[in-house]
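Every number for a ligand or one of its atoms is a count from 1 in the order of the listing. Numbers here simply count residues along the sequence, with the first being 1.
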Amino acid sequence: MSASIQSIRGFADILPDRTPVWRFVEDTFRVLLESYGYEEIRLPALEKTELFARSIGEVTDIVEKEMYTFSDRNGDSLTLRPEGTAGCVRAAIQHGLLHNAQPRLWYAGPMFRHERPQRGRYRQFHQVGVEAFGVEGPALDAELILMSGRLLQALGLDDVRLELNSLGSSEARAAYRERLVAHLQAHADQLDDDARRRLETNPLRVLDSKNPAMAGVIESAPSLLDHLDGASADHFRRLCAMLDAAGQPYHVNPRLVRGLDYYGRTVFEWVSDRLGAQGTVLAGGRYDTLVEMIGGRPTPAIGFAAGIERLVALVEEAGAAPAPAAPDAFLVVADEALESEAVSLAERLRHAMPGLQLRLNTAGGSLKSQFRRADRSGARFALVLGEDEAAAGAVTVKDLRGERPQEQVPVARLADVLGEARQSD
Ligand code: HAM
C-alpha cells in the first residue's frame, strides 16, 4: 500500500455526520437573511492581491502575514480571499449594483487565512456574511445588529453577548491615535514586542492585546469613545437609543477595534465564553469609506460575517443540532436473481413518490445482514422483495420502528401505506 495523503494543516474535512448541523446553520441564515430583504451574491474565492491590500489595510495581521498569495501562470499576484467584504464591494462596483440603489447582499463560503490553527481557528474556514449599501443613518446599524442577534437566537444560542463600539471618523481616529501613541510611549517599559511593533504601524490594535501583562497600560489608555467627532458621537448615541428601545442588551467596549482597517463608526462583535480564546462568532461594522477607496462613488455601507465553524461548535455543544434525516424505507432484495427487478422497482417508487427517501440494498448479502443494514440506516420501514412478492407485483412491508403489522402490499398501494405512516408519525 502506498503512503496515504493527508489534508493540509488547518483545512478540515466536514464529514457526513456533521453536515446536518452545518446545513441547519446555513439554512437558518439563508431563510432569516432573505426575510430581511438580503439577496444572495456568489463571489469568486480568488481575487487580485491588491484588492485586499487596499481594503483590509497593508499593516493588518491579515495582509502582512496571513494571506495565501501566489503568482499565477501569467505572473499576476492573486490571493485566496481572507474575508468576503472586499470582494463583495468590488463586485457591487464592477456590476453597477450601487447606482441609485441600496442593495442588501449576503454570501457564504470558504475564506483562507494562514493563522496558527487551534480550537475554533482554521486556515480554511467558512463565513456567512452580509453587506448593506447606501444608507448612512443608524437605523440600518440597529436593524442589522438586531438581525444578527435574531440569527443567533434562531440557532438556539442565547448565551452570547453583544459588544459595541464606535471608531468615529478617520480624522477623529487620527487625532486619537496621537494621544494613544503618547500614552503607550509613556509606558513603553510595559509593552510587549508585538505592541512595540504596532505602536509604529497600527497602534489602535494594541488595545486588542490579550497579554495580561499589558492589561494595566491598556486600562489606563484614553478612550476613543471620549474623542469621537460630533457626527459619529451622535450616530452612536442614536444607535444605542434604538437598541435600548428594541430591548437589545449590549456592552459598550471602547477597546473593541477589529482587525481590518476599513471600519469607521459602528463596530460590533457577538462573543461566546464557551469557545475559549476564539469566542467571537459574528462580527462586523460600518465601512463608509471603503467603496470609494476601491474605485466606486462614495457610498456608506455596513455588514458583518459569522464564523460557521464556531457556530456549529456551539450548536453541537448546546445539543440543539438536528438529527440526521433517516430514510423512509430500505429495500431488501431477498434473492440475488431479483437485483435487476429491485433496481427498476426502486426507480418506479422514487418516480411515484417524489421526496421519498429510499435506500436500495445494492451490496448483496444474506437477509439477516440486509436487515442489519436496514436497521443501521435508521429507515422506518424495510421493504422486502422476494420471489413471492415479485410474482405478486408487491413487496412485504416490515415496520422497523413501530407496531404496524407486517403485510404484503401491492406496489401500486405502497405510496398510500408509506404516506399514511408518515402522517401518523
Ligand atoms: P472578521 O472579524 O475577520 O471579519 O471575521 C468574522 C468572523 O469569521 C469571526 O468573528 C470568526 O467567527 C470567523 N473567523 C475569522 N477568522 C477565522 C478563522 N481563522 N477560523 C475560524 N473562524 C474565523 C470579517 O471577515 C469581515 N469581513 C466582517 C464584515 C463584513 N464586516 C463588514 N462586513
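- Counting heavy atoms only, Gly120 comes closest to atom 21 (C) of ligand 1 of the residues Gly307, Gly120, Ser55.
- Ser209 is listed as a side-chain neighbour of Ile218, based on a closest heavy-atom distance under 4.5 Å.
- A salt bridge is absent between Arg54 and Asp261: the closest approach of a Lys/Arg side-chain nitrogen to an acidic carboxylate oxygen does not fall below 4.0 angstrom.
- Arg265 and Ser232 form a side-chain donor-acceptor contact under 3.5 Å, judged by distance and modelled atom types alone.
- The distance from ligand 1 to the heavy atoms of Ala305 drops below 4.0 Å at these ligand atoms: 6 (C), 7 (C), 28 (C), 29 (C), 30 (C).
- Close N/O approach between Arg113 and ligand 1 is found [any backbone or side-chain N/O within under 3.5 Å].
- The protein atom (non-hydrogen) at minimum distance from atom 8 (O) of ligand 1 is Gln127 NE2, 3.1 Å.
- Not one N or O of Leu260 is nearer than 3.5 Å to an N or O of ligand 1, by distance alone.
- Salt bridge annotation for Asp61-Arg198: present, with a cationic side-chain nitrogen under 4.0 angstrom from a carboxylate oxygen.
- With respect to the salt-bridge test (charged N to carboxylate O, under 4.0 angstrom), the residues Arg258 and Glu269 qualify.
- Near Gly284, meaning under 4.0 Å from any of its heavy atoms, are these atoms of ligand 1: 31 (N).
- When each atom of ligand 1 is checked for a heavy atom of Thr85 under 4.0 Å away, the hits are 26 (C), 27 (N), 29 (C), 30 (C), 31 (N), 32 (C), 33 (N).
- For atom 20 (N) of ligand 1, the nearest protein heavy atom (residue, atom name, distance) is Tyr122 N, 3.0 Å.
- Contacts of His114 classified as ring pair (Phe, Tyr, Trp, His ring centres under 6.0 Å), with partners at least two apart in sequence or in another chain: Tyr68.
- Scanning the protein for heavy atoms near atom 27 (N) of ligand 1, the closest one is Glu83 OE1, 2.5 Å.
- Ligand 1 has an N or O atom lying under 3.5 Å from an N or O atom of Thr280, backbone or side chain.
- For Arg255, the CZ atom sits in a packed shell: over 12 heavy atoms of surrounding residues, nucleotides or ligands are nearer than 6.0 Å.
- The shortest heavy-atom distance from Glu309 to ligand 1 is not under 4.0 Å.
- Between Arg30 and Glu40 no salt bridge is recorded (no basic side-chain N to carboxylate O distance below 4.0 Å).
- Annotation: atom 19 (N) of ligand 1 to nearest protein heavy atom, Glu115 OE2, 2.7 Å.
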Throw together a table of side-chain donor-acceptor distances under 3.5 angstrom for residues 126-139, partners on residues two or more places apart or in other chains.
| residue | atom | partner | partner atom | Å |
| --- | --- | --- | --- | --- |
| His126 | ND1 | Glu309 | OE2 | 2.8 |
| Glu131 | OE1 | Tyr287 | OH | 2.7 |
| Glu131 | OE2 | Thr85 | OG1 | 2.9 |
| Glu131 | OE2 | Tyr107 | OH | 2.6 |

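- Near Val281, meaning under 4.0 Å from any of its heavy atoms, are these atoms of ligand 1: 12 (O).
- Of all atoms in ligand 1, numbered sequentially from 1 with element shown, those under 4.0 Å from a heavy atom of Glu131 are 30 (C), 32 (C), 33 (N).
- Considering only non-hydrogen atoms, atom 17 (C) of ligand 1 lies nearest to Phe125 out of Tyr262, Tyr263, Phe125, Phe268.
- The shortest heavy-atom distance from Arg258 to ligand 1 is under 4.0 Å.
- Here the closest heavy-atom approach between residue Met111 and residue Pro82 is recorded as CB-O, 3.7 Å.
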